[in-house]
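Beneath this line is the structure, given in structure tokens, with notes to follow.
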2 protein chains.
Amino acid sequence: MRIGELARRSGVSVRSLRYYEEQGLLTSERSPSGQRHYAEGDVERVLFLQRLYTAGLSSRTIHELLPCVDSPSLENSRAALERMAQEREKLSAHIAELLHTRDLLDAAMAAARRGKECLEEHEAA
Amino acid sequence: MRIGELARRSGVSVRSLRYYEEQGLLTSERSPSGQRHYAEGDVERVLFLQRLYTAGLSSRTIHELLPCVDSPSLENSRAALERMAQEREKLSAHIAELLHTRDLLDAAMAAARRGKECLEEHEAA
DNA sequence: CTTGCCTCTGACATGGATGTGAGGTTTTAG
DNA sequence: CTAAAACCTCACATCCATGTCAGAGGCAAG
């Protein structure tokens, strides 16, 4: 499949796909004329990359983790495995942060609602 | 307290504090000579702002929520309350995403560990 | 062959929070 | 009084994923 189709099927812009390649996160076969061709599995790979970006990882960080994902049995994955565990911890911490933040929002909303009700009682009176 | 102390106590750069003010998220009393002065409570406010930034909200979004937080009983908080509920939903969705991503990382790590063990058996043999 | 769409490279633009530096005033400590 | 440290404003720089545009080539259908 060519880049346009991969873009459509993964919901990522053509521009971004080229960028991922530039960052070493995605590879492609080139036709004699230089056009990129992708395998079916690349759709899922791109979705995975998107997921990591959404989780706040940078291209560089993702690049460091990929050896672990791509060839999980090579010895270079020892370092990648550590790196991955480290990112997992960061992610967990971030999730905890967000849960806390959500609680704060809930508290603020509850307070606001109480205030609003109080105001409405005044209006009703 | 002056801006340097607030920065130190909240762990945010002086630059950022001025930026928050510029974005309407933080206010300060000015001394006759123009220096900013803050109240004790502003430390916590800045921490809260940081939290919202970390949760991925933009200055503009935070600004829209603040009426709700600052004066929970005014009528302008009706819109802010909706906005807030909306952001809360986004946040929940994001958290769910992150949990899923963490699961994927866990799966990748498990696979990598299996591969590594297999390799080590080879070495041992 | 031509028209239209897709792709290529390369480069510049964007947005948002923050860093950084210049040039000048205020505050504080000795 | 003086020197150091903190503050002021203004403006330009940075990072990073993307958008966007220009100019050129590739490829299928009429």
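Labels below follow one simple rule: chain letters A, B, ... track the order of the sequence lines, proteins then strands, and each chain is numbered from 1.
The base of C:dT9 is not paired with the side chain of A:R18 by any donor and acceptor separated by under 3.5 Å. Looking at B:R2, its side chain has no donor and acceptor atom pair within 3.5 Å of the base of C:dT27.
Here B:Q50 reaches the OP1 or OP2 of C:dT18: one of its side-chain N or O atoms lies under 4.0 Å away. A sub-4.0 Å separation between OP1 or OP2 of C:dT18 and a side-chain N or O of B:S13 is absent. For D:dT18, one of the phosphate oxygens OP1 or OP2 lies less than 4.0 angstrom from a side-chain nitrogen or oxygen of A:Y20. Distances shown here put every side-chain N or O of A:Y19 at or beyond 4.0 Å from the OP1 or OP2 atom of D:dT18.
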Take B:R36 and B:R18 through the test side-chain contact (heavy atoms from CB on, under 4.5 Å) and record every step on the way to the result.
CA-CA 9 Å; B:R36 294 171 176 84; B:R18 297 204 189 103; 3.5 Å; yes
Evaluate A:S58 against A:Y53 for side-chain hydrogen bond (donor to acceptor under 3.5 Å, both in side chains), listing each step before the verdict.
CA-CA 6 Å; A:S58 68; A:Y53 276 122; over 6 Å; no
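When the C1' atom of D:dA24 is taken as reference, atom CD of A:Q35 falls 13 Å away, rounded to whole Å. If you take CG of A:L17 and C1' of D:dT18, they are 12 Å apart, rounded to a whole angstrom. Protein atom CD1 of B:I3 is 15 Å distant from nucleotide atom P of C:dT27, rounded to whole Å. A:E5 has its CD atom 18 Å from the P atom of C:dC5, to the nearest Å. Atom pair A:L49:CG and D:dC16:P shows a separation of 17 Å (rounding to whole Å applied). Here the P atom of nucleotide C:dC5 and the CZ atom of A:R8 are 14 Å apart, to the nearest Å. Taking atom OH of residue B:Y53 and atom P of nucleotide C:dA17, one finds them 5 Å apart after rounding to whole Å. In this structure, the CD atom of B:E29 is 17 Å from the P atom of D:dC7, given to the nearest Å.
The side chain of B:S58 approaches C:dA17 more closely than any other nucleotide in the set D:dG19, D:dG25, C:dA17. Closest to the B:R15 side chain, of the nucleotides C:dC8, D:dC12, D:dG19, is D:dC12.
Checked by atom type, the side-chain pair B:R30/B:Q35 shows no donor-acceptor distance below 3.5 Å.
Ranked by how close their nearest DNA chain D nucleotide is to the 5' end, A:S33 and B:R36 are led by B:R36. In this structure, B:L57 and B:P32 both approach DNA chain C, and ranking their closest nucleotides by distance from the 5' end singles out B:L57. Nucleotides of DNA chain D nearest to B:V14 and A:Q23 differ in position, and the one nearer the 5' end is that of B:V14.
Salt bridge annotation for A:R83-A:E87: present, with a cationic side-chain nitrogen under 4.0 angstrom from a carboxylate oxygen. Salt-bridge check for B:R45 with B:D70: passed, with a basic side-chain N closer than 4.0 Å to an acidic carboxylate O.
Across all strands shown, A:R30 has heavy atoms under 4.0 Å from sugar-phosphate atoms exclusively, and none from any base. When heavy atoms are screened at a 4.0 angstrom cut-off, A:S59 is found touching the sugar-phosphate backbone but no base atom.
At least one side-chain heavy atom of B:L25 sits less than 4.5 Å from a side-chain heavy atom of B:L66.
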